[in-house]
Amino acid sequence: MRLRNIPRAEGTIQTHPAVIKRPEAQRGCWRQVFSNKNPIHIEIGMGKGGFILNMALMHPDINYIGIERYSSVLLRAVEKFDTEEFKELKNVRFVCMDAQNIGDVFSHNEVERIHLNFSDPWPKARHAKRRLTSKEFLARYEEILEPCGQIEFKTDNTELFNFSLGQAKEAGWTISKYTYDLHHHETLNRGNVRTEYEEKFSSKGNPINKMIAVRK
Ligand code: SAM
């Protein structure tokens, strides 16, 4: 997702208290940002923020960090955060960065869970390493996840889903649960928070795939 350039995006992001301006400076001490010892869950490729804000509302004992590459998109999440429903949340922060450099921002064992929702498919084979579930990205996640830390991945793109299952297995991760039809899965659908893309694709009748992979 890349929205047209929005001139106020950079300014808002630079001054908003929920946006962490120099995330590298927090490496190894993210719990100080939240002033508690609660687990840290991150969403990479957060988009407009509906998922992470609702998760933060439902799980006040988890610290959430939403990561998005484009300031024009992150602006939408920040604007949503400022609405009546979410503005009192103390357990959510935002970072504008390319997840390729995730290891510069989180240290070993610092993250308990990574959410990947409707990640860009990068359909050309030569771009496979850009997929957020490629073996290259899994190696980055392994560095920052705590032992038994998990990735939760949702997508309507079955080709990308099968690729992701294969990459995780090849890299030695354990697939603890998966489904090709999340919204009709009795246990995985319980407590499921839908993302903006999930609403869009399921309203067109596309089944949603989900896997939970546990770090080796
Ligand atoms: N997760 C949201 C949802 O489900 O509604 C948005 C999905 S959208 C297809 C993918 C988002 O991931 C885009 O906003 C894109 O900018 C972001 N993204 C893609 N690659 C990224 C990367 N390497 N680092 C950070 N964000 C990334």
Side-chain angles (χ1 to χ4, degrees), residues 1-6 9-10 12-13 19-21 23-24 40-58 64-81 86 92-106 111 113-124 126-145 151-161 163-164 167 182-183 188-189 191-204 206-212:
M1 183 193 314
R2 188 170 193 177
L3 301 178
R4 74 187 157 75
N5 195 32
I6 301 175
E10 285 300 333
T12 305
I13 283 169
V19 181
I20 304 299
K21 281 75 182 182
E24 298 84 2
I40 291 177
H41 293 191
I42 67 177
E43 184 187 8
I44 299 179
M46 163 190 68
K48 295 179 185 174
F51 173 82
I52 204 160
L53 288 167
N54 279 297
M55 290 293 280
L57 206 56
M58 285 167 66
Y64 287 94
I65 301 168
I67 295 170
E68 170 53 50
R69 181 166 42 177
Y70 295 118
S71 59
S72 56
V73 182
L74 186 71
L75 177 69
R76 300 293 184 214
V78 168
E79 287 173 343
K80 200 169 285 174
F81 174 88
F86 301 115
V92 63
R93 298 289 189 283
F94 303 110
V95 171
C96 195
M97 68 174 289
D98 188 325
Q100 280 212 50
N101 307 318
I102 200 81
D104 297 341
V105 167
F106 297 99
V111 175
R113 191 167 302 172
I114 300 175
H115 291 281
L116 302 170
N117 293 317
F118 298 82
S119 309
D120 297 330
W122 293 105
K124 290 183 182 148
R126 71 173 190 276
H127 291 149
K129 61 168 75 153
R130 297 184 192 175
R131 298 174 194 152
L132 292 181
T133 50
S134 64
K135 61 180 188 310
E136 288 80 4
F137 270 96
L138 292 175
R140 294 179 180 116
Y141 304 152
E142 219 176 293
E143 290 293 308
I144 64 168
L145 276 174
I151 293 174
E152 294 200 10
F153 174 52
K154 297 195 277 187
T155 179
D156 69 315
N157 184 319
T158 303
E159 215 169 303
L160 176 65
F161 188 65
F163 166 85
S164 308
Q167 294 280 289
L182 173 63
H183 295 170
L188 280 175
N189 196 39
N192 180 48
V193 170
R194 296 188 186 200
T195 77
E196 284 87 355
Y197 270 64
E198 189 168 351
E199 288 291 5
K200 186 167 108 182
F201 291 127
S202 66
S203 71
K204 288 182 183 167
N206 297 11
I208 305 301
N209 309 298
K210 176 167 180 172
M211 76 169 189
I212 299 178

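Read the numbers this way: they start at 1 and go in the same order the structure lists the ligands and their atoms. None of these values were measured; they are calculated from a predicted model.
Heavy atoms of Glu198 come nearer than 4.0 angstrom to ligand 1 in no pair at all. Ligand 1 lies less than 4.0 angstrom from a heavy atom belonging to Glu43. Residue contacts with ligand 1: Met97 is included, with a non-hydrogen atom under 4.0 Å away.
Interface of Tyr70 with ligand 1, defined as ligand atoms under 4.0 Å from a residue heavy atom, comprises 16 (O). Annotation for ligand 1: atoms under 4.0 Å from non-hydrogen atoms of Phe118 are 4 (O), 7 (C), 8 (S), 9 (C), 10 (C). Atoms of ligand 1 lying under 4.0 Å from any heavy atom of Met46, numbered from 1 in the order shown and given with element: 1 (N), 2 (C).
Distances from atom 23 (N) of ligand 1 to the heavy atoms of Ile52, Asp98, Ile44 show the closest one on Asp98. The closest non-hydrogen atom to atom 15 (C) of ligand 1, taken over Glu196, Glu68, Arg194, comes from Glu68.
Between Phe137 and ligand 1, not a single N/O pair is under 3.5 Å apart. At a 3.5 angstrom cut-off on N or O pairs, Thr195 counts as close to ligand 1. Residue-to-ligand polar distances place Tyr197 within reach of ligand 1: an N/O pair is separated by less than 3.5 Å. In terms of polar-atom proximity, Ile67 is not counted as a contact of ligand 1, lacking any N or O under 3.5 Å from an N or O of the ligand. When only interatomic distances are considered, the shortest N/O to N/O separation between Arg69 and ligand 1 falls below 3.5 Å. Looking at Asn117 next to ligand 1, an N or O pair under 3.5 Å apart turns up.
Between the CD1 atom in Ile13 and the CD1 atom in Ile20 there is a gap of 12.5 Å [rounded to 0.5 Å].
Summarising the local packing, NZ of Lys21 is surrounded by more than 12 heavy atoms from other residues, nucleotides or ligands at distances under 6.0 Å.
With sequence neighbours left out, Glu79 forms a salt bridge (charged side-chain N to carboxylate O under 4.0 Å, His left out) with Arg8, Arg76. Phe201 pairs by the ring pair (Phe, Tyr, Trp, His ring centres under 6.0 Å) definition with Tyr197, not counting sequence neighbours.
For the residue pair Glu198 and Asn192, a side-chain donor N or O sits within less than 3.5 Å of a side-chain acceptor on the partner.
For the pair Arg131 and Trp122, the NZ or CZ position fails the cation-pi test of under 6.0 Å to the six-membered ring centre and within 45 degrees of the ring normal. Taking the ring centre of Phe51 as origin, the terminal cationic atom of Arg194 falls outside the region bounded by 6.0 Å and 45° from the ring axis.
In Lys154, neither the side chain nor the backbone holds a heavy atom less than 4.0 Å from any atom of ligand 1.
For the pair Asn117/Thr155, no side-chain contact is recorded, criterion being any heavy-atom separation below 4.5 Å from C-beta on.
The aromatic rings of Phe161 and Phe153 lie parallel to each other, their planes meeting at an angle below 30°, with 60° marking the opposite boundary.
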side-chain contact (heavy atoms from CB on, under 4.5 Å) between Ile67 and Leu74, intermediate numbers included: CA-CA 8 Å; Ile67 295 170; Leu74 186 71; over 6 Å; no
